[in-house]
Structure formats: C-alpha cells, structure tokens
Amino acid sequence: MQRYLIRRIVLLIPVVMGVVTFVFLIIHMIPGDPVDLMLGEIAQQADKEMLRTRLGLNDPIHIQYYRFIKGVVRGDFGISIHFKQPVLAIIIDKFPATLELTLGAIVIAILISIPMGIIAAARQYSIFDNSSMLLSLIGISMPNFWLGPLLIIVFSIKLGWLPVSGMGGLSHLILPSITLGTSMAAILSRMTRSSLLEVIREDYITAARAKGLSEWVIMVKHALTNALLPIITIIGLQFGALLAGSIITETIFSWPGIGRLTIQAIVTRDYPLVQGCVLFIALCYVVVNLLTDLLYVFIDPRIRLSE
Amino acid sequence: MKRNIPAIIGLIIISLLILTALLAPVLAPYNPTDQNLYQRLQTPSRQHLLGQDSLGRDVLSRIIYGAWISLKVGSITVGISLIIGISLGLIAGYIGGIVDEVIMRICDIFLAFPGILLAIALMSIMEPSLNNVIIALSIMGWVGYARLVRGQTLSLKENEFITAARSLGAGHFRIMLRHILPNLLAPVIVEATFGMGGVIVAEAGLSFLGLGTQPPTPSWGTMLNEGRKFLLIAPHLTTFPGLAIMIVVLGLNFLGDGIRDIFDPKKRR
C-alpha cells in the first residue's frame with residue numbers, strides 16, 4: 001500500500017511540472033506583444049512599460065520561468081490586472097460556489113442514476129431497461145449549453161418555478177445542478193447497470209437467491225455493494241469533468257464560481273488570472289484523480305492486500 | 001448490421017448530416033447571412049419554418065449551413081488527431097522503453113486538463129476563428145487515440161504473426177504499418193466515431209462561450225450564444241440549433257455503439 005502510494009505520487013511530479021510549464025507558456029504563446037493585447041494598442045507607452053515591468057516580461061525567459069514556479073510553490077499566482085488583487089485570493093473566494101455547484105451536480109447524478117441502473121439491471125431487456133438506456137444515451141448526447149437554456153425556458157420562464165440565474169438558496173442550485181449533472185447521470189446509470197449485470201451472475205448471488213432472500217435485498221445488499229467499485233471510480237473521474245463543465249454551466253446561470261471567472265478573465269484579457277484559473281482547475285483535477293485511485297485501493301481489499 | 005436498429009438510425013442521421021452539409025446551397029431556402037431588420041425575432045411561420053433571429057436571418061437556412069461547419073470541424077479535427085495519435089501510439093507501443101515512457105508522460109500532462117479546459121486555454125491566446133478551433137481541438141484530441149493505439153500495439157506485437165513477419169525479414173516500419181496497424185483499426189474507428197461527436201460538441205461549446213467560430217458564420221454554437229440573449233422573447237433561437245447538435249451527436253453515438261457491436265460481438269448487450 002505504502003509503496004503504491006509513493007509510486008503514484010512520484011509519477012505525478014512530471015505531470016504537475018508539465019501542467020505548470022504549459023500554463024507558464026500561455027502568456028508567451030500570445031502572438032505579438034502580450035501587453036498590447038492586455039491593454040489595447042492605443043494604451044500609453046508608459047502604462048505598457050509599467051505592466052511589462054510588473055509582469056516581469058523584460059527578464060530573460062528562464063528567470064521568468066523560475067520566478068513563476070517559485071510563485072506557484074508558495075501559492076503566489078501573481079496579481080490580477082483587472083481586479084488588482086492576488087490571483088489566488090480571487091480564486092479561493094470563488095471556489096466555494098463552484099464546489100457547491102459540483103456537489104449539487106453529483107448528488108443529482110447519483111439520485112437519478114443509481115436507482116435507474118439498479119432497476120434496469122434487475123429487469124434486463126424490459127421496457128424500462130431499454131427506455132432508460134435510450135434516455136441515458138440522449139443524456140450523454142445533450143450538450144449542457146443547450147440543456148441549461150432549455151431548463152430556463154421551461155422552469156423559469158414558462159412555469160416560473162425556479163430563478164433564472166444567480167446564486168442563493170436551494171432553488172438557485174437546482175437548474176444549474178441538473179444542467180451540470182445530466183451527462184454524469186447518464187454515464188453513471190449505464191455503468192451501474194453493466195456493473196450490476198456482471199455481479200449478479202456470480203455464485204454468491206445464486207446462493208443468496210437459494211436462501212430465499214427477496215430480490216430487493218439481493219440487489220441492494222449483495223449485488224450493489226460489490227458493484228460499487230467501478231461506480232465510485234466513475235464518480236471520482238467525472239468530478240474533474242464537472243469542474244471543466246462548470247465553465248459553461250456557470251456562464252449560462254451567471255453562477256459566481258471559478259468557471260465564470262475563467263471566461264471573464266479571458267474576455268478582459270487578464271492573463272495572470274487566466275493562468276491562475278487554468279492551473280487551479282487542472283491541479284484540482286489531478287488531486288481528485290489521485291484521491292480516487294487511493295480510495296479505490298482502500299476500499300478493495302483484493303488490491304490493498306495483494307502488495 | 002442486421003437488426004442493429006440504433007446503428008442503422010445512426011447511419012441514417014450521419015448520412016443526412018453529410019447530405020445537408022454538401023447540398024446546403026440547394027437546400028437552404030434563404031441566404032444564411034441575409035438580414036431583414038424589419039422582421040427581427042419572428043417565431044416560426046410558413047415563410048420561415050424555424051423563425052428568424054435578432055437580425056431577421058432565416059434560422060432554418062443558418063442551421064443547414066451550420067451542418068457544414070460542424071462536419072468540417074469534426075472530420076478535420078478527428079483526422080488530424082488520428083494521424084498524430086496513431087503515429088505516436090504505434091511508436092510508443094512498438095519501440096517501448098524510454099520512447100514509450102516519454103510519449104506516455106506527455107499524454108499524462110495533456111490528460112491533466114479536464115474536458116475542454118485545454119481548448120479554452122489555447123483559445124484564450126488565439127484569435128477566435130474556425131481554423132484556430134480546429135488547431136486547439138486537435139492539440140487536445142490526439143491523446144486518447146495515442147493511448148488506445150499504444151495499448152493495442154503492446155498486445156499485438158507479442159503475436160506469432162509478428163514474429164513470423166520479422167523472421168521473413170520485414171523491417172520495423174513495415175511491421176508497424178502493414179501488420180500491426182490494420183489489426184488495431186477496429187477499436188480506433190469506434191473511438192473516432194464517438195470522438196467526432198465530442199469534437200462537434202466542443203466546437204459548439206467554444207463558440208457558445210464566444211471563443212470559437214465568430215459571427216456571421218452560421219455555427220450551431222454561435223447561434224446558441226446569440227439565442228441566449230433572447231431566451232425570454234425568442235426561445236426558438238435556442239431550441240432548434242441545440243436540437244440539431246443533439247441529433248447529430250446522438251447519431252454518432254448510435255453509430256459508434258453499432259460499429260463496436262459489429263467488430264466485437266462479445267460486447268453486445
């Protein structure tokens with residue numbers, strides 16, 4: 001277990017270095033003068049020079065790179081041009097909103113997909129099974145930048161049940177969570193179904209059935225607990241995809257999180273903030289994937305004890 | 001193919017997409033960029049079956065022309081991604097050792113960016129345009145194919161027919177191209193079919209965020225972005241382009257599922 005853990009973390013170092021390098025290069029890949037792009041070409045020469053000095057763009061590139069890495073390690077992501085505040089402080093300020101939305105999406109996805117997957121597996125090839133699998137294929141194919149506006153049209157504009165946008169109580173969370181969580185629900189219900197179908201062919205399920213246990217108990221207590229492993233993995237892996245998906249969902253619903261911040265930063269050409277947001281989301285994704293892997297090892301005794 | 005109804009539906013949808021894209025000038029009732037400011041935001045009518053947008057342009061004509069944009073982005077991006085991914089995957093899997101290690105670590109770095117984050121980051125520094133979207137999505141897209149091809153190559157190269165080819169004097173290049181590549185194409189084709197759906201959605205997503213195709217080019221994503229401003233008064237501007245995207249992606253997913261079943265009857269559910 002310990003050796004696995006150390007190996008897994010060591011393997012992450014080049015990945016994280018690669019991500020940091022890519023994010024560092026963003027500002028240097030801009031065609032032409034990045035300062036021109038940030039301030040506009042008609043800006044005063046003195047202002048441009050001041051920004052160039054502040055961003056350290058006059059130094060040789062290796063010094064800039066060293067300074068960037070040193071900053072990232074210390075949690076110093078630079079100063080936002082637009083907000084005139086430390087980038088990391090702005091991101092941390094917006095992170096709880098994104099986290100709330102992401103967790104909302106996961107809850108919605110689990111609430112829809114697990115029961116759907118269980119019933120579909122228990123009644124394989126039934127009408128419910130076929131229609132729920134068709135539904136999940138539609139869910140996977142439905143882009144969230146269409147689903148979101150559709151939900152707004154139906155539930156906010158036509159029916160007037162839920163708010164159009166913004167953040168507030170639970171009612172504000174429902175539509176964005178459904179928008180963000182639908183594709184995950186679709187993937188998860190297919191996963192639950194196929195994972196259960198594999199498990200219920202095992203001998204211990206036949207044994208449970210022979211004991212005369214009810215089908216419900218067999219499904220939930222015996223089959224689901226054993227089918228849970230791939231389901232948990234998918235939830236973990238999808239978490240990162242949700243972080244990226246939140247960029248679009250937050251834009252649709254004016255949700256004050258990191259996703260919307262990223263787009264605002266791009267629109268206002270606030271490159272230190274763009275770099276910070278991209279780096280933060282990517283690092284979150286890497287960490288969540290690591291935790292998923294470790295959880296996987298932790299809950300499966302076959303992997304835990306084999307070392 | 002027999003009895004594989006979803007695959008047939010998928011094939012029909014994609015054939016229709018290709019036909020629509022190629023015959024757009026014939027099929028479209030109006031010029032997609034012709035404005036009519038006296039008839040802004042009109043709901044569907046007999047003259048304009050899907051209504052008119054904020055500049056009085058015909059929505060149906062714009063959706064028909066948008067099919068071309070989606071098809072173009074999808075096929076070129078998947079094509080470029082396949083060329084890069086297959087080459088690197090073959091090299092990594094066949095040569096192995098340090099070459100494999102380096103290529104796989106590069107893949108890991110690309111995979112550390114979830115979803116379309118990498119494309120968004122790239123588009124933040126490039127002029128938003130159709131060509132740049134294709135570049136950004138290709139930079140992001142090759143990784144999946146490379147990993148798939150590498151995995152297949154690793155197992156294929158242990159086969160006896162490879163040993164046989166080698167003992168007959170075939171060079172490495174020939175073995176990779178003539179003996180390994182044809183045997184791994186099936187899963188790659190399946191993956192590429194799903195991948196094309198992903199690319200079409202990603203292009204529309206970037207355009208929706210204002211980072212992709214720019215107006216007046218009739219991209220479905222751009223249409224959704226414009227429609228978003230008029231959700232209250234003209235919901236049809238959002239409904240129809242989105243429906244087009246969903247039908248095409250659904251078609252590709254059906255087709256991908258179907259092709260997988262044909263190549264691999266074991267996985268049939």
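Here is how names work: the chains are called A, B, and so on, in the same order as the sequence lines, proteins then strands, and each is numbered from 1. Just so you know, these numbers use all the heavy atoms, side chains as well, and skip hydrogens, waters and symmetry mates. As the structure is a computational prediction, the values presented were derived from the model and not from experiment.
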K.L.:
Counting heavy-atom pairs closer than 4.5 Å to chain A, which one of B:I247, B:L111, B:L243 comes out on top?
P.N.:
B:L243
K.L.:
What residue in A:V286, A:I248, A:L283 has the most heavy-atom pairs under 4.5 Å with chain B?
P.N.:
A:I248
K.L.:
Check whether any side-chain heavy atom of B:C107 lies under 4.5 Å from a side-chain heavy atom of B:V143, and answer yes or no.
P.N.:
yes
K.L.:
Using a cut-off of under 4.5 Å on heavy-atom pairs, state which of B:L118, B:L250, B:N253 scores highest against chain A.
P.N.:
B:L250
K.L.:
What part of A:V274 gets closer than 4.5 Å to chain B, counting heavy atoms only: side chain, backbone, both or neither?
P.N.:
side chain
K.L.:
Would you say B:H236 and B:L50 make side-chain contact, with heavy atoms under 4.5 Å?
P.N.:
no
K.L.:
Which answer fits A:I157, side chain, backbone, both or neither, if we ask what part of it has an atom under 4.5 Å from a heavy atom of chain B?
P.N.:
side chain
K.L.:
Give a yes or no on whether a salt bridge exists between A:E198 and A:R193, defined as a side-chain N under 4.0 angstrom from a carboxylate O.
P.N.:
no
K.L.:
Against chain A, label B:N225 side chain, backbone, both or neither, depending on which of its atoms sit under 4.5 Å from a heavy atom there.
P.N.:
neither
K.L.:
Please answer whether the main-chain N or O of A:G259 pairs with a side-chain N or O of A:S246 as donor and acceptor at a distance below 3.5 Å.
P.N.:
no
K.L.:
Please flag which part of A:I252 lies under 4.5 Å from any non-hydrogen atom of chain B: side chain, backbone, both or neither.
P.N.:
both
K.L.:
What part of A:I263 lies closer than 4.5 angstrom to a heavy atom of chain B: side chain, backbone, both or neither?
P.N.:
side chain
K.L.:
Any chance the rings of A:F95 and A:F280 have centres within less than 6.0 Å?
P.N.:
yes
K.L.:
Does any backbone or side-chain atom of B:L224 lie under 4.5 Å from a heavy atom of chain A? Answer side chain, backbone, both or neither.
P.N.:
side chain
K.L.:
Verify the neighbour count for atom CD1 of A:I127: are there more than 12 heavy atoms of other residues, nucleotides or ligands below 6.0 Å?
P.N.:
no
K.L.:
Quick check on A:Y285 against chain B: is it the side chain, the backbone, both or neither that has a heavy atom closer than 4.5 Å?
P.N.:
side chain
K.L.:
Can you tell me if CZ on A:R123 sees more than 12 non-hydrogen neighbours from other groups inside 6.0 Å?
P.N.:
no
K.L.:
Any side-chain donor paired with an acceptor under 3.5 Å for B:Q214 and B:S129?
P.N.:
no
K.L.:
Identify which of A:L150, A:I247, A:I27 forms the greatest number of heavy-atom pairs closer than 4.5 Å to chain B.
P.N.:
A:I247
K.L.:
For residues A:L196 and A:I118, determine if any side-chain heavy atom of one lies less than 4.5 Å from a side-chain heavy atom of the other.
P.N.:
yes
K.L.:
Within the supplied structure, the quantity of interest is the number of heavy atoms (other residues, nucleotides, ligands) at a distance under 6.0 Å from A:R260 CZ; does it exceed 12?
P.N.:
yes
K.L.:
Pick one of side chain, backbone, both or neither for A:I153, based on which atoms fall under 4.5 Å of a heavy atom in chain B.
P.N.:
side chain
K.L.:
Give the member of B:I125, B:L122, B:T238 that has the highest number of heavy-atom pairs under 4.5 Å with chain A.
P.N.:
B:I125
K.L.:
Take B:R57 and B:E226, measure what salt bridge (charged side-chain N to carboxylate O under 4.0 Å, His left out) needs, and give me the verdict at the end.
P.N.:
CA-CA 12 Å; B:R57 294 172 297 196; B:E226 288 167 354; 3.4 Å; yes
K.L.:
Quick check on the structure: residues of residues 200-209 of chain B within a heavy-atom distance below 4.5 Å of chain A, by number.
P.N.:
B:V201, B:A204, B:G205, B:F208, B:L209
K.L.:
Please look at B:I120 and chain A and tell me whether the side chain, the backbone, both or neither of the residue comes under 4.5 angstrom of a heavy atom of that chain.
P.N.:
both
K.L.:
Between B:D108 and B:R147, does any side-chain N to carboxylate O distance fall below 4.0 Å?
P.N.:
yes
K.L.:
Counting heavy-atom pairs under 4.5 Å with chain A, which one of B:D257, B:L211, B:T239 comes out on top?
P.N.:
B:T239
K.L.:
With under 30° as parallel and over 60° as perpendicular, where do the rings of B:F113 and A:F22 fit, or are they tilted in between?
P.N.:
perpendicular
K.L.:
Name the region of B:L252, side chain, backbone, both or neither, that has any atom closer than 4.5 Å to a heavy atom of chain A.
P.N.:
neither
K.L.:
Testing A:L273, A:V267, A:T268 one by one against A:H82 for a side-chain contact (heavy atoms from CB on, under 4.5 Å), which residue passes?
P.N.:
A:T268
